[in-house]
Undergrad: 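Once you've had a glance at the structure underneath, I'll fire off some questions.
Just so it is clear: chains get the letters A, B, ... in the order the sequence lines come, proteins before strands, and each one is counted from 1. Since the structure is predicted, the reported quantities are computational estimates derived from the model, not experimental observations.
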Protein chains: 2
Amino acid sequence: MLVSRSGDAYHHGSLKPALEDAAFELLRTTGHTDLSLREIARTAGVSHNAPYHHFGDRTALLKRLSERSMSELLDALLAAQASADPEQSARAHLVALGTAYVRYAAEYPERFRVIYDPAVCVPGAPSAEMAPLISAVEKILMHATKAISPSVSDTTLVALTTGVWGAVHGLAELVIAGHITPKQAEPALVALFDPSRI
Amino acid sequence: MLVSRSGDAYHHGSLKPALEDAAFELLRTTGHTDLSLREIARTAGVSHNAPYHHFGDRTALLKRLSERSMSELLDALLAAQASADPEQSARAHLVALGTAYVRYAAEYPERFRVIYDPAVCVPGAPSAEMAPLISAVEKILMHATKAISPSVSDTTLVALTTGVWGAVHGLAELVIAGHITPKQAEPALVALFDPSRI
DNA sequence: TCCAGAATCTGGACACTGCCCACATGCGTC
DNA sequence: GACGCATGTGGGCAGTGTCCAGATTCTGGA
């Protein structure tokens, strides 16, 4: 029931998504720490108080942005999964997934960062929208991990998947922090996931 | 040449370290994002402008805190290295290092976070105090990695070390973000560093 | 010893922020 | 058509980082 915003209507009609879009766009270049509700409101062309009628407070908007970012990250992983060459090894597939993860972080560092900020998403208590996204990411990683180590016990598979997530995530963070380049991340994944490295 | 601060001297005598200490202490519980120069100044008992005579701006103080935190993290790794059982396997040693890394992050999440915030430490251009700390951490990890894969080429060793750092770092971040518990991190390290997992 | 300049500290000010309040507007429903 | 509520507005408050001018103290050279 979107009311078209013709002219200078007093009521915007669809301000909530407009604010989200404006903020999400600002998140291309601005860290979520520096995101200001007032600037977002100005960008959307409304008063500095309008956002409070759609988001309880600043953190609520950041939560929403973190969900949208996680959804984008999941899409990147799904795309990597879909474009997998059926001939490629299980290890190459896992590396491709990891590379997609790192690439998203490198391309949208501020969006990536808001996903994992404990000040935004309360640790251990993900929102109803966030929880399935997290599960989906874990499922993708676990599936790819199982393909590498098919004969392993369930508990080991879980531990190994956690390790894979950690490795991929850590390389992404190190890239964002500037300690390594994206070019260094891929051979690191290759080396780490090579069981014959001994 | 520290002037003792007897009574209400106009000049503090050693305000710079006092400010650092106060801020570092606040960093036990408060995120560096929420650290306020004015609160730090109040804690140290000086006016809100005194810090500007010792730190150019807020970021300069955060830089200093990030160096102190990195030094603490390095100490944790060195302690783990020193207390290594000579009988333990190379793999167990690497797991112990990783566990120490994760434990520091879990115990001082706010200090850990300031280390890797690109808004604090300019990516790719570490300060003169930070650079050797980073190198030392890398050296420790590389040494332990080489012990696991002694016959590997130099380039592979570098890639593998990057992967190990990423894994350890990512698990630490996931713990801080609340996605996994410290208890889950250790078996993940064990599984990941086990070359016979296939 | 004295004094000028540098270092340090202070209070005031400005622009900005998140958030609360009271009030204005207009849509949807009876 | 009128009432009610969601949605918009502006004003205000406390807090922040940073700049400026002035006060105080330290220091090194005559």
Side-chain angles (χ1 to χ4, degrees), chain A residues 1-23 26-27 29-66 110 114 117 119-122, chain B residues 1-23 26-27 29-66 110 114 117 119-122:
Chain A
M1 199 181 293
L2 296 182
V3 177
S4 70
R5 179 169 166 74
S6 58
D8 293 11
Y10 189 88
H11 286 92
H12 184 287
S14 55
L15 182 54
K16 184 166 184 176
L19 289 170
E20 279 184 28
D21 291 346
L26 287 172
L27 219 46
T29 53
T30 311
H32 72 276
T33 291
D34 298 328
L35 262 196
S36 123
L37 273 187
R38 291 170 107 108
E39 183 184 0
I40 296 167
R42 277 193 299 268
T43 304
V46 290
S47 83
H48 68 275
N49 269 327
Y52 284 90
H53 292 279
H54 301 277
F55 302 95
D57 58 4
R58 185 175 174 277
T59 303
L61 174 56
L62 292 183
K63 268 207 217 320
R64 186 74 195 93
L65 296 180
S66 121
E110 307 303 350
V114 76
D117 188 338
V120 172
C121 208
V122 183
Chain B
M1 200 180 296
L2 296 182
V3 177
S4 70
R5 179 168 166 74
S6 58
D8 291 12
Y10 189 87
H11 286 93
H12 184 286
S14 56
L15 182 54
K16 184 165 183 176
L19 289 169
E20 280 184 30
D21 291 347
L26 286 172
L27 219 46
T29 53
T30 311
H32 71 276
T33 291
D34 299 328
L35 263 196
S36 126
L37 272 187
R38 292 171 106 106
E39 182 184 1
I40 296 167
R42 276 193 299 269
T43 303
V46 291
S47 85
H48 69 276
N49 268 327
Y52 283 89
H53 294 276
H54 301 278
F55 302 94
D57 57 5
R58 184 175 176 276
T59 303
L61 174 57
L62 293 183
K63 267 205 213 332
R64 186 75 194 94
L65 296 180
S66 120
E110 307 302 350
V114 77
D117 188 338
V120 173
C121 210
V122 183

Undergrad: Is there any side-chain hydrogen bond (donor to acceptor under 3.5 Å, both in side chains) pair reaching into residues 39-56 of chain A, and which pairs are they, with sequence neighbours excluded?
TA: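 Matches after skipping sequence neighbours: none remain.
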
Undergrad: Which pairs pass salt bridge (Lys or Arg N to Asp or Glu O under 4.0 Å) with one or both residues in residues 44-64 of chain A, sequence neighbours excluded?
TA: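 Listed by first then second residue: A/Glu20-A/Arg64, A/Arg64-A/Glu67.
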
Undergrad: With sequence neighbours excluded, tell me which residues meet side chain to side chain donor-acceptor pair (under 3.5 Å) with A/Asp21.
TA: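 By the side chain to side chain donor-acceptor pair (under 3.5 Å) rule, A/Asp21 matches A/Arg68.
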
Undergrad: For B/Ala22 and B/Ile40, which heavy atoms make the closest approach, and how far apart are they?
TA: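 Smallest interatomic distance, heavy atoms only, reads CB-CG2, 4.3 Å.
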
Undergrad: Is B/His48 side chain donor-acceptor paired with the C/dG12 base, going by distance under 3.5 Å alone?
TA: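 For B/His48, whose side chain was compared with the base of C/dG12, there is a donor-acceptor pair (under 3.5 Å).
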
Undergrad: Among B/Leu62, B/Leu61, B/Leu37, find the residue that satisfies the side chain to side chain contact (heavy atoms under 4.5 Å, CB included) test when tested with B/Phe55.
TA: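 Only match with B/Phe55 under side chain to side chain contact (heavy atoms under 4.5 Å, CB included): B/Leu61.
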
Undergrad: Return the minimal non-hydrogen interatomic distance between A/Leu15 and A/Ala44, and the atom names on each side.
TA: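 A/Leu15 and A/Ala44 have their closest heavy atoms at CD1-CB, 4.3 Å.
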
Undergrad: Taking the side chain as everything from C-beta on, heavy atoms only, tell me whether B/His32 gets closer than 4.5 Å to B/Val120.
TA: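 Contact flag for B/His32/B/Val120 side chains = yes.
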
Undergrad: Enumerate the protein-to-nucleotides 4-6 of chain C contacts in which both atoms are nitrogen or oxygen and the separation is below 3.5 Å.
TA:
none

Undergrad: Going by the rule side-chain contact (heavy atoms from CB on, under 4.5 Å), which residues pair with B/Ala119 if we only count those two or more places apart in sequence or in a different chain?
TA: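 Listed in chain order: B/Asp117.
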
Undergrad: Whole-Å distance between C/dA24 C1' and A/Asn49 CG?
TA: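 Rounded to whole Å, this separation is 13 Å.
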
Undergrad: Near DNA chain D, under 4.0 Å by heavy atom, which residues of residues 31-42 of chain B?
TA: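 B/Leu35, B/Ser36, B/Leu37, B/Arg38, B/Arg42, in order of number.
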
Undergrad: Does A/Asp34 have any side-chain contact (heavy atoms from CB on, under 4.5 Å) partners at least two apart in sequence or in another chain, and if so, which?
TA: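 A/Thr30.
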
Undergrad: For the residue pair B/Glu110 and B/Thr29, establish whether any side-chain heavy-atom pair is separated by less than 4.5 Å.
TA: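 A side-chain contact under 4.5 Å is absent here.
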
Undergrad: Specify the residues of residues 52-62 of chain A, ordered by number, for which at least one heavy atom lies under 4.0 angstrom from an atom of DNA chain D.
TA: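 Those residues are A/His53, A/His54.
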
